[in-house]
Amino acid sequence: MKKLLSVLCASALALTLLAGCSNAASSSTPAESTDSAASSEPAASSEAAPAEEDAAADTADTAKLEAIVTAVEAVNPVSNSRALDDFSLENEIGLTLDNIVAFQGDVTNDQADCALVLAIQAKSGAADAVKAELEAYKESASSNLYAEFADKVAKAQDARIVVDGDFVVMVIAGVAGPDYSEIDTAIEGALA
């Protein structure tokens, strides 16, 4: 059922891209968890150390996310861009927001294009789950387009999804964009 919902959501995004929606949205991040309780015990116990490491790992690194998007968009510009927001990630791409610490990205609003640049900081241990959901979106986006959009289908089929630790990057080259080798170099450099 969850996979079917993801496919339906991805199909909705593909149709939205084709429709050329002009909704303007801003980049955002899901609310960070505030469930940690203050303790009067010292943090030196061996049980507290892993919890502190997880909390540190789940602190948003917005500067790195911005640097990744900027580096990739330098070689793969997103024409008539719309910033991705929580709604877009959950309902258009089919991502589970509970797996995400922060994200930044843009998608084209140009019906004749398909460019997308998305950088995600997953919660500790959730990068593979985010990647699997992006793979489902990629499959849906590349199989649900009409034949007259063959150039967009080809770009979507070759989309890049790269995982580096807790960071996951997805890039779909624009129709008039560069060869994917330039995008691969930009992603590699931004994640280094």
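The model shown is predicted, which means the values in this text are computed figures rather than measured ones.
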Open item on the list: Before you tell me yes or no, could you show the steps for D106 and L84 under side chain to side chain contact (heavy atoms under 4.5 Å, CB included), namely the whole-Å CA-CA distance, both residues' side-chain angles and the distance that decides it to 0.1 Å?
Closed with: CA-CA 5 Å; D106 298 306; L84 293 166; 5.9 Å; no
Whether [X] side chain and [Y] backbone form a donor-acceptor pair below 3.5 Å:
X	Y	result
D85	S88	yes
Y180	A173	yes
D61	K64	yes
R82	N80	no
Q121	V101	no

Contact summary for [X] and [Y], nearest pair of heavy atoms:
X	Y	answer
G165	V163	O-CG1, 3.6 Å
D113	G174	OD1-CA, 3.2 Å
Y137	I93	CB-O, 3.5 Å

Open item on the list: Assess, by modelled atom type and distance only, whether the side chains of S181 and D184 contain a donor and an acceptor separated by less than 3.5 Å.
Closed with: no
Task: D110 side chain to T108 side chain, donor-acceptor N/O pair below 3.5 angstrom - done: no
TODO: Check step by step if salt bridge (charged side-chain N to carboxylate O under 4.0 Å, His left out) holds for D166 and K123.
DONE: CA-CA 7 Å; D166 289 332; K123 287 189 177 174; over 6 Å; no
Distance from [X] atom [atom1] to [Y] atom [atom2], nearest 0.5 Å?
X	Y	atom1	atom2	answer
E182	N76	CD	CG	9.5 Å
L95	N99	CG	CG	8.5 Å
I100	L89	CD1	CG	5.0 Å
E90	L97	CD	CG	4.5 Å

TODO: Would you check, one step at a time, whether the test side chain to side chain contact (heavy atoms under 4.5 Å, CB included) holds for F167 with I68?
DONE: CA-CA 10 Å; F167 289 88; I68 293 168; 4.3 Å; yes
TODO: Check side-chain contact (heavy atoms from CB on, under 4.5 Å) between A71 and all other residues, then give those that pass, not counting sequence neighbours.
DONE: A190
- [ ] Under the side-chain contact (heavy atoms from CB on, under 4.5 Å) rule, collect the residues that match up with D128, sequence neighbours excluded.
- [x] none
TODO: Any side-chain hydrogen bond (donor to acceptor under 3.5 Å, both in side chains) involving residues 65-74? Give me the pairs, sequence neighbours left out, ordered by first then second residue.
DONE: none
TODO: State plainly whether the residues E133 and K138 are in salt-bridge range, i.e. N to O under 4.0 Å.
DONE: no
[X] side chain near [Y] side chain, heavy-atom distance below 4.5 Å:
X	Y	result
N109	S81	no
L116	M170	yes
L118	L134	yes
V78	V107	no

Open item on the list: Please evaluate residues L191 and V169 with respect to the criterion side chain to side chain contact (heavy atoms under 4.5 Å, CB included), reporting the C-alpha separation (whole Å), side-chain torsions for both, the decisive distance (0.1 Å), and the verdict.
Closed with: CA-CA 9 Å; L191 291 172; V169 178; 4.1 Å; yes
Task: F103 reachable from V162 in the ILVMFWY side-chain graph, under 4.5 Å edges - done: yes
Task: Whether over 12 other heavy atoms sit under 6.0 Å from E188 CD - done: no
